[in-house]
Novice: 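My structure is below; once you've seen it, I'll send some questions.
Note that the numbering runs from 1 along the sequence shown for the chain.
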Amino acid sequence: MDIDKHLSKGKVSPVSYLPLTAMVLSFVVLPITVQAATYQTYVIDTYGGDLLLTAVRQQLNTSPNGGNVSNYQDKLVLRTTPANYQAVLQLLSQIDSQPQPLTVAVRVGSNSKVQRNTQQGRVIISNRGIQGTGVIMQRGGQQQSDNLYQVQTLSGSAASISTGTLYALTQNYSRSVYSNYSNNNRPLGQIVIQQQVLLPTTQGIAVVPRLLPSGQVEVSLSQVEETLLRSNTTYRQNNAVKAQRLNSTIIVPRGQWVTIGQITQNGQSQSSGYGINRTIDNSNSVPISLLVQ
């Protein structure tokens, strides 16, 4: 055999046997338990009511497991976790507080000024030349009055105060009666017709004051001032309601009168005759001031 030949020659290489090692990997699977969040319903008494919904919703949306909130009669109804409930309570302790009482006063003034100027001149022409005389007279008068409206409410709550007057007026209308059988245009008589007219007038204010963190007050104001105007003509009596209104939202310091509006009316009338010239200047201003205490 070939093997014997190689052995006899001493050139046979030893045969190496490499052992095979088997590696066994074992995996251990551990169970993972996920616990669902526990939601509960909470009812919180508040001062701000629905004004707090935006801030509370934002708090819940940025919190783990979130939640929802609704408003019912100045109460917040929460559906969330106990941890989020505590976070909402901490938020409300910072932004929800008892509203402070505020007193709002509105003063509507009336300043009337009348200036009367009378100029009288006379010119005489004679053989001595031209002679002239003149008289200038000035008369003036001023009248001031105002109406004051005052109401107390809580910060953030609406309030109003007003007075009203109902005028029952009688208007007369005259109608001429003509005959259908007469050729002349002379009226046979006149018929006077009376009509009852009801004209209401209102004076007052409606306000919503809100105290700001800076100490100033934001005021939403509506104001109306109505007066009855009467004018008589040859044939009838005319009546109308003159109204002045203001709607504004303004921020004012607390404890100071602030002029928030003014209406100014100017007029002039002139007349002349028999060498006399008359001029009447009328000026009427209505300043509106606001005070919050």
Side-chain angles (χ1 to χ4, degrees), residues 46-51 71 73-74 97-114 141-171 194-212 214-232 236-267 282-293:
T46 63
Y47 295 108
D50 57 349
L51 299 176
N71 177 64
Q73 295 182 351
D74 292 334
S97 59
Q98 184 177 3
Q100 296 187 21
L102 298 173
T103 300
V104 180
V106 177
R107 184 172 59 199
V108 182
S110 178
N111 301 326
S112 300
K113 184 179 180 180
V114 179
Q142 188 171 358
Q143 182 180 2
Q144 294 182 349
S145 63
D146 58 61
N147 294 331
L148 180 64
Y149 305 96
Q150 184 171 303
V151 64
Q152 188 178 52
T153 184
L154 297 177
S155 175
S157 300
S160 63
I161 184 172
S162 63
T163 61
T165 304
L166 183 63
Y167 292 93
L169 306 174
T170 302
Q171 293 184 342
Q194 291 187 346
Q195 182 181 6
Q196 293 288 336
V197 178
L198 299 179
L199 288 180
T201 60
T202 304
Q203 303 86 31
I205 60 172
V207 297
V208 181
R210 191 183 308 278
L211 185 61
L212 302 178
S214 62
Q216 295 179 310
V217 183
E218 180 188 75
V219 181
S220 297
L221 170 66
S222 296
Q223 176 266 332
V224 61
E225 191 83 13
E226 296 177 340
T227 56
L228 179 66
L229 298 179
R230 303 192 184 196
S231 61
N232 295 322
R236 66 176 62 181
Q237 182 182 24
N238 296 325
N239 301 289
V241 175
K242 180 181 179 181
Q244 173 267 313
R245 291 182 173 86
L246 171 69
N247 294 282
S248 178
T249 300
I250 189 172
I251 297 177
V252 297
R254 195 171 179 180
Q256 299 180 17
W257 280 103
V258 178
T259 301
I260 60 175
Q262 179 167 313
I263 300 175
T264 302
Q265 296 176 332
N266 297 318
N282 298 315
S283 177
N284 184 29
S285 62
V286 181
I288 303 172
S289 304
L290 174 66
L291 171 67
V292 181
Q293 293 180 329

Novice: Hey, could you give me the CD/CG distance between Gln150 and Leu148, rounded to the nearest 0.5 Å?
Specialist: 6.0 Å
Novice: Below 4.5 Å, heavy atoms only, C-beta onward: do Ile288 and Thr259 meet side chain to side chain?
Specialist: no
Novice: Please check if the side chain of Ser285 supplies one atom and the backbone of Thr264 the other of a donor-acceptor pair under 3.5 Å.
Specialist: no
Novice: How many angstroms lie between OG in Ser162 and CD in Glu225, if you round to the nearest 0.5 Å?
Specialist: 11.5 Å
Novice: Please enumerate all residues that pass side chain to side chain contact (heavy atoms under 4.5 Å, CB included) together with Ser157, with sequence neighbours excluded.
Specialist: Thr153, Leu154
Novice: With sequence neighbours left out, write down each residue that passes side chain to side chain contact (heavy atoms under 4.5 Å, CB included) with Gln256, or none if nothing qualifies.
Specialist: Pro253
Novice: Please examine the side chains of Tyr167 and Leu198, heavy atoms only from C-beta on, and report whether any two atoms are closer than 4.5 Å.
Specialist: no
Novice: Using the salt bridge (charged side-chain N to carboxylate O under 4.0 Å, His left out) rule, collect all pairs that involve residues 243-266, keeping only residues at least two apart or in two chains.
Specialist: Glu226-Arg245
Novice: Any chance the side chains of Gln203 and Asn147 put a donor and an acceptor closer than 3.5 Å?
Specialist: no
Novice: Compile the donor-acceptor pairs under 3.5 Å between side chains in residues 97-108 and protein atoms, sequence neighbours left out, one pair per line.
Specialist:
{"residue": "Thr103", "atom": "OG1", "partner": "Gln152", "partner atom": "NE2", "Å": "3.4"}

Novice: Who are the side chain to side chain contact (heavy atoms under 4.5 Å, CB included) partners of Asp74, not counting sequence neighbours?
Specialist: none
Novice: Which atoms form the tightest heavy-atom contact between Val151 and Ser160, and what is the distance?
Specialist: CG2-O, 4.3 Å
Novice: Which pair of heavy atoms, one from Ser220 and one from Thr249, lies closest together, and at what distance?
Specialist: OG-OG1, 3.3 Å
Novice: Any side-chain heavy atom of Leu228 sitting closer than 4.5 Å to one from Leu199?
Specialist: yes
Novice: Which heavy-atom pair separates Ser222 from Asn247 by the least distance, and what is that distance?
Specialist: OG-OD1, 2.8 Å
Novice: Is there a side-chain contact between Val292 and Val219 (heavy atoms, below 4.5 Å)?
Specialist: yes
Novice: Side chains of Leu212 and Val217, heavy atoms from C-beta outward: is any pair under 4.5 Å?
Specialist: no
Novice: With sequence neighbours left out, what residues match Ile250 under side chain to side chain contact (heavy atoms under 4.5 Å, CB included)?
Specialist: Ser248, Val252, Ile260, Leu290
Novice: Which distance, rounded to the nearest 0.5 Å, do you find between the CD1 of Ile205 and the CG of Leu246?
Specialist: 11.0 Å
